[in-house]
Number of protein chains: 2
Amino acid sequence: MGTHSLDLTFAALADPTRRAILSMLLEDDMAVTDVAEPFDMSLAAISKHLGILAAAGLIAQEKRGRVKWCKLEPDALRAASVWMQSFGQFEAVNLDAFEAFLAHELAADPDAD
Amino acid sequence: MGTHSLDLTFAALADPTRRAILSMLLEDDMAVTDVAEPFDMSLAAISKHLGILAAAGLIAQEKRGRVKWCKLEPDALRAASVWMQSFGQFEAVNLDAFEAFLAHELAADPDAD
DNA sequence: ATAATCGTCAACCATTTGGTTGAATATGCG
DNA sequence: CGCATATTCAACCAAATGGTTGACGATTAT
């Protein structure tokens, strides 16, 4: 998982409008115009935000007819999540061992934290 | 856990220099000058990066004598992780437990990486 | 006391970011 | 065809970002 894609992912997540868009897309796939509707902002601005989310791999966009549908694409979020879990030391650790450790932790004390 | 602090957290994480600093601090607390040493960048620039990390709550800085020590402060990362969990697709992670695990990994296999 | 070290501050610069507007490009509808 | 709808493009703008350098205050060492 490259440094560059983490740059894009975190930068994309740093904007509240974009996080709100992701939350909206969690409920359903949406057309660009419908994504833009609740925001006090031009359609072009929302289109740019969607482009940034797509470039980061956080959403996918598919054009059907004249409508461009936007859907959540969780892989990039997952990658960022993994980085946060490992603090960038991901390559230094044995992931299988970590997953086993994590499973054990959660099973042993699911209410921890 | 407001929107503003998530802005700061993700924006801070979006820079590879700052993520590298966090990784360094995972191993040990460090003085500002020592944080700066491996980077091809002025001390002032690193000082700014550390200020951004501190403003985001990702690190804490404590001045002892003329040396300012930097230590990891995992709460903000935890908040960002919680936000990601709101997407429902990410396992909850006990960060403290992970740090213990990682310390053990590094102690057992210091040449990894 | 003088000098070296630690770190920040202030001013500056180039680039990026987040927004605007108006024109342009598809696509669908009557 | 002719018009409305969906979306992007291009040019522009203000503000933020990431870096530099040199001066500075505070602390420690000789």
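Lettering of chains follows the sequences in order, A, B, ..., and the numbering in each one begins at 1. Computed from a predicted model, the values in this text were never measured in an experiment.
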A.B. asks: How close or far is atom C1' of D:dT17 from atom CE of B:Met41, stated in whole angstroms?
C.D. replies: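 Rounded to whole Å, this separation is 13 Å.
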A.B. asks: Considering the options A:Ile59, A:Asp29, A:Leu25, which one meets the side chain to side chain contact (heavy atoms under 4.5 Å, CB included) requirement together with A:Lys71?
C.D. replies: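 Of the listed options, the one satisfying the test is A:Asp29.
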A.B. asks: Any link between B:Met24 and B:Ile52 through a network of hydrophobic side chains (Ile, Leu, Val, Met, Phe, Trp, Tyr) touching at under 4.5 Å?
C.D. replies: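 B:Met24 and B:Ile52: separate clusters.
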A.B. asks: In whole Å, what is the span from the CG atom of B:Asp7 to the C1' atom of D:dA16?
C.D. replies: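 Answer to the nearest Å: 13 Å.
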A.B. asks: In whole Å, I'd like the distance from the CG atom of A:Asp15 to the P atom of D:dA16.
C.D. replies: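 From A:Asp15 CG to D:dA16 P: 14 Å.
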A.B. asks: Does A:His49 offer a backbone N or O that forms a donor-acceptor pair with the side chain of A:Arg18 under 3.5 Å?
C.D. replies: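 Looks like no, no N/O pair under 3.5 Å.
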A.B. asks: Nearest whole angstrom, please: distance from the C1' of D:dG19 to the CG of B:Leu50.
C.D. replies: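 Between C1' of D:dG19 and CG of B:Leu50: 15 Å.
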A.B. asks: Send over the distance from B:Ile21 CD1 to D:dG18 C1', rounded to a whole Å.
C.D. replies: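 Those two atoms, CD1 and C1', are 12 Å apart.
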A.B. asks: Considering every strand and a 4.0 Å limit on heavy-atom distances, what is the contact class for B:Arg18: base, sugar-phosphate, or nothing?
C.D. replies: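 The residue B:Arg18 makes sugar-phosphate contact but no base contact.
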A.B. asks: Has the side chain of A:Arg66 got a donor or acceptor that lies under 3.5 Å from a partner of the other kind on the base of D:dT5?
C.D. replies: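 It does, because a donor-acceptor pair links the side chain of A:Arg66 to the base of D:dT5 below 3.5 Å.
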A.B. asks: Can you name the nearest heavy-atom pair linking A:Gln61 to A:Cys70, along with the distance?
C.D. replies: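 Smallest interatomic distance, heavy atoms only, reads NE2-SG, 3.7 Å.
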A.B. asks: Without decimals, in angstroms, what is the distance between A:Lys63 NZ and D:dT5 P?
C.D. replies: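 Between P of D:dT5 and NZ of A:Lys63: 17 Å.
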A.B. asks: Chain A on DNA chain C: first and last contacting nucleotide, 5' to 3', under 4.0 Å to a heavy atom?
C.D. replies: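 Listed 5' to 3', the contact boundaries are C:dG18 to C:dG28.
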A.B. asks: I want to confirm an ordering. Mapping A:Ala44 and B:Val67 to their closest nucleotides on DNA chain C, which one lands closer to the 5' end?
C.D. replies: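 Residue closer to the 5' terminus by nearest nucleotide: B:Val67.
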A.B. asks: Would you classify A:Ala11 as touching base, sugar-phosphate or nothing, given that sugar-phosphate means primed atoms plus P, OP1 and OP2, and contacts are heavy atoms under 4.0 Å?
C.D. replies: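 Result for A:Ala11 = nothing.
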A.B. asks: Is there a path from B:Leu8 to A:Phe10 through hydrophobic residues (I, L, V, M, F, W, Y) whose side chains come within less than 4.5 Å of each other?
C.D. replies: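 No.
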A.B. asks: Which residue lies toward the 5' end of DNA chain D, A:Lys48 or A:Lys68, if each is placed at its nearest nucleotide?
C.D. replies: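 Closest to the 5' end, via its nearest nucleotide, is A:Lys68.
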A.B. asks: For A:Leu53, run the side chain to side chain contact (heavy atoms under 4.5 Å, CB included) check against A:Thr9, A:Val35, A:Ile21 and tell me which one passes.
C.D. replies: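 Result: among A:Thr9, A:Val35, A:Ile21, A:Ile21 is the only option passing the side chain to side chain contact (heavy atoms under 4.5 Å, CB included) with A:Leu53.
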A.B. asks: Rounding to a whole Å, what distance do you find between B:His49:NE2 and D:dT17:C1'?
C.D. replies: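 Rounded to whole Å, this separation is 9 Å.
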A.B. asks: If you define the side chain from C-beta out and look only at heavy atoms, does anything of A:Val67 sit under 4.5 Å from A:Thr33?
C.D. replies: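 They are not in contact (no side-chain heavy atoms under 4.5 Å apart), so the answer is no.
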A.B. asks: Scan A:Ser42 against the nucleic acid and name what it touches under 4.0 Å (heavy atoms): base, sugar-phosphate only, or nothing.
C.D. replies: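 Base, at least one base atom sits under 4.0 Å.
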